[in-house]
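To keep things clear, I will list the structure first and then write my remarks on it.
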Amino acid sequence: MSEDLLIIENISKSFTVDKNKELKALKNINIRLKKGECIGIVGESGCGKSTLARIIVGIEKKTSGKIIFDDKEIDGISKTKDIQMIFQSPLSSFNPRMKIIDYMWEPLRNYFKLSKKESIPLITKSLVDVGLDETALEKYPHEFSGGQLQRITIARAIIIKPKLIVCDEITSALDVSVQKQILELLKKLQKDLALSYLFIGHDLAVVQNISQKIVVMYMGEIVEELDSIDLKTKAKHPYTNLLLNSVFEVNKV
Ligand SMILES: Nc1ncnc2c1ncn2[C@@H]1O[C@H](COP(=O)(O)OP(=O)(O)OP(=O)(O)O)[C@@H](O)[C@H]1O
Ligand SMILES: [Mg+2]
């Protein structure tokens, strides 16, 4: 068994825009994610981060390249319970008319054919794992804060015991103090459940906090790959330095 959980080999993606113009959103992307590791992906808006995430979880089709997950090639639009995705805006992940119990039950019903009654202990445990409790079960999404909702989306992602969670800007819409709590929660779950993450963000400080490695993307390409601790001392690409300087500027204010 290999120590790599996810191998992304030469992934490219083109979109056809304006009738017949081709937009190369991803160009020969290569990433290796080890079991239990978190790799952070940073880069400016439009550089292709979400497109890559969507290809990995199987909601977008790649143009070329290969994805190997858990020693098996995964292809096209295929969804596995072992790869889950969490999105930026927690509210958009919910149906406003669906109680939390039903939102949490959905993946258990789909993947394990469990009845609602059978699911309740698992749902409760998963909610406790993210710092909530069973009082959430009968409530609706609007009764929670953004941070609490993001905890619930995490609870739903972990309830089916995935191996990889792809996080796309999941703390961007939250207050700084809530961001910190979510990062701590993810780090705890990473250890307790032997999870791996791809953690996409534009805030270098946030991404560095949780990631062991950092991949910097620029216009559809990976321009730099560094161990997280070497970010400040070994970054070579001008765009990485620009990102580092903007963190510095914000901290100065
Ligand atoms: N379905 C689509 N059809 C056409 N073009 C698309 C489509 N999805 C993404 N793109 C284009 O591909 C490029 C990459 O988009 P993507 O959403 O991956 O960027 P991103 O790095 O996630 O940006 P952000 O930080 O703003 O979320 C952009 O130029 C975008 O306009
Ligand atoms: Mg995006």
Side-chain angles (χ1 to χ4, degrees), residues 38 40-41 45 49-50 53-54 56-57 59 79 81-112 114-203 205-207 209-211:
C38 174
I41 303 178
S45 182
K49 304 178 298 293
S50 296
R54 293 161 59 82
I56 294 165
V57 300
I59 49 182
K79 283 196 181 177
K81 79 147 187 74
D82 286 331
I83 306 179
Q84 292 297 312
M85 184 162 176
I86 305 173
F87 299 89
Q88 171 168 1
S89 158
L91 204 53
S92 67
S93 305
F94 292 87
N95 172 346
R97 285 183 296 274
M98 201 187 248
K99 284 183 185 168
I100 301 308
I101 185 169
D102 294 313
Y103 171 78
M104 295 286 295
W105 175 39
E106 231 171 29
L108 292 169
R109 189 182 62 202
N110 291 344
Y111 289 109
F112 301 122
L114 294 185
S115 71
K116 201 193 274 196
K117 203 169 156 219
E118 289 167 324
S119 301
I120 288 175
L122 291 169
I123 296 173
T124 305
K125 174 168 189 314
S126 197
L127 287 170
V128 170
D129 283 346
V130 301
L132 296 166
D133 58 41
E134 75 279 353
T135 57
L137 292 178
E138 294 299 321
K139 290 187 181 164
Y140 290 93
H142 73 266
E143 297 177 73
F144 296 93
S145 69
Q148 287 170 330
L149 285 179
Q150 206 54 296
R151 285 174 190 272
I152 297 171
T153 62
I154 295 170
R156 175 168 141 140
I158 60 171
I159 201 167
I160 44 175
K161 302 202 183 330
K163 294 177 178 162
L164 169 66
I165 301 184
V166 179
C167 305
D168 192 359
E169 303 267 8
I170 68 167
T171 62
S172 306
L174 306 173
D175 285 354
V176 175
S177 64
V178 183
Q179 268 184 11
K180 279 210 184 104
Q181 294 167 8
I182 297 285
L183 290 178
E184 290 313 311
L185 169 64
L186 290 174
K187 285 196 258 187
K188 182 176 183 300
L189 295 174
Q190 184 184 16
K191 261 207 296 207
D192 293 354
L193 310 176
L195 276 169
S196 306
Y197 300 122
L198 277 181
F199 190 91
I200 294 169
H202 61 269
D203 183 332
V206 168
V207 176
N209 177 294
I210 185 165
S211 309

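All residue numbers refer to positions in the sequence shown, counting from 1.
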Does the side chain of [X] reach to within under 4.5 Å of the side chain of [Y], using non-hydrogen atoms?
| X | Y | value |
| --- | --- | --- |
| Leu137 | Lys99 | no |
| Tyr103 | Ser93 | yes |
| Leu127 | Asp133 | no |
| Val130 | Ile158 | yes |
| Val207 | Phe199 | yes |
| Leu114 | Leu122 | yes |

Closest contact, heavy atoms only, [X] versus [Y]:
| X | Y | result |
| --- | --- | --- |
| Ser115 | Trp105 | C-NE1, 3.4 Å |
| Ile154 | Leu186 | CD1-CD2, 4.0 Å |
| His202 | Ser172 | CE1-OG, 3.8 Å |
| Met85 | Ile59 | SD-CD1, 4.5 Å |
| Pro107 | Met104 | CD-O, 3.4 Å |
| Gly146 | Pro90 | O-CG, 3.6 Å |

Mind checking the [atom1]-[atom2] spacing from [X] to [Y]? Nearest 0.5 Å is all I need.
| X | Y | atom1 | atom2 | answer |
| --- | --- | --- | --- | --- |
| Tyr197 | Leu189 | OH | CG | 4.5 Å |
| Asp168 | Ile200 | CG | CD1 | 4.0 Å |
| Gln88 | Leu174 | CD | CG | 9.0 Å |
| Leu91 | Phe144 | CG | CZ | 12.0 Å |
| Ile100 | Ile123 | CD1 | CD1 | 10.5 Å |
| Ile101 | Ile120 | CD1 | CD1 | 4.0 Å |

- Task: Decide if atom NZ of Lys81 counts as having more than 12 heavy atoms of other residues, nucleotides or ligands within a radius under 6.0 Å.
- Result: yes
- Query: Taking atom types as modelled and ignoring hydrogens, do the side chains of Gln84 and Arg156 form a donor-acceptor contact shorter than 3.5 angstrom?
  - Reply: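 Checked: Gln84/Arg156 side chains show no N/O donor-acceptor pair below 3.5 Å.
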- Message: Quick one about Asp175 and Ser177 (side-chain donor to acceptor, distance below 3.5 Å, no hydrogens or angles considered), yes or no?
- Response: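 Result is no, nothing qualifies.
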- Decide side chain to side chain contact (heavy atoms under 4.5 Å, CB included) for Thr153 and Leu149; before the verdict, give the C-alpha distance in whole Å, the side-chain angles of both, and the deciding distance to 0.1 Å. CA-CA 6 Å; Thr153 62; Leu149 285 179; 5.7 Å; no
- side chain to side chain contact (heavy atoms under 4.5 Å, CB included) assessment of Leu193 paired with Lys161: CA-CA 8 Å; Leu193 310 176; Lys161 302 202 183 330; 5.9 Å; no
- Query: Is there a donor-acceptor pair closer than 3.5 Å between any side-chain N or O of Glu143 and the backbone N or O of Tyr140?
  - Reply: yes
- Message: Between Asn209 and Lys180, is the side chain to side chain donor-acceptor pair (under 3.5 Å) condition met? List the steps.
- Response: CA-CA 9 Å; Asn209 177 294; Lys180 279 210 184 104; over 6 Å; no
- Query: Should Ile182 and Arg151 be marked as a side chain to side chain contact (heavy atoms under 4.5 Å, CB included) after you check the CA-CA gap, both sets of side-chain angles, and the distance that decides it?
  - Reply: CA-CA 7 Å; Ile182 297 285; Arg151 285 174 190 272; 3.9 Å; yes
- Message: Before you tell me yes or no, could you show the steps for Ile86 and Gln150 under side chain to side chain contact (heavy atoms under 4.5 Å, CB included), namely the whole-Å CA-CA distance, both residues' side-chain angles and the distance that decides it to 0.1 Å?
- Response: CA-CA 8 Å; Ile86 305 173; Gln150 206 54 296; 3.5 Å; yes
- Basic-acidic side-chain contact under 4.0 Å: Asp102, Lys116: yes
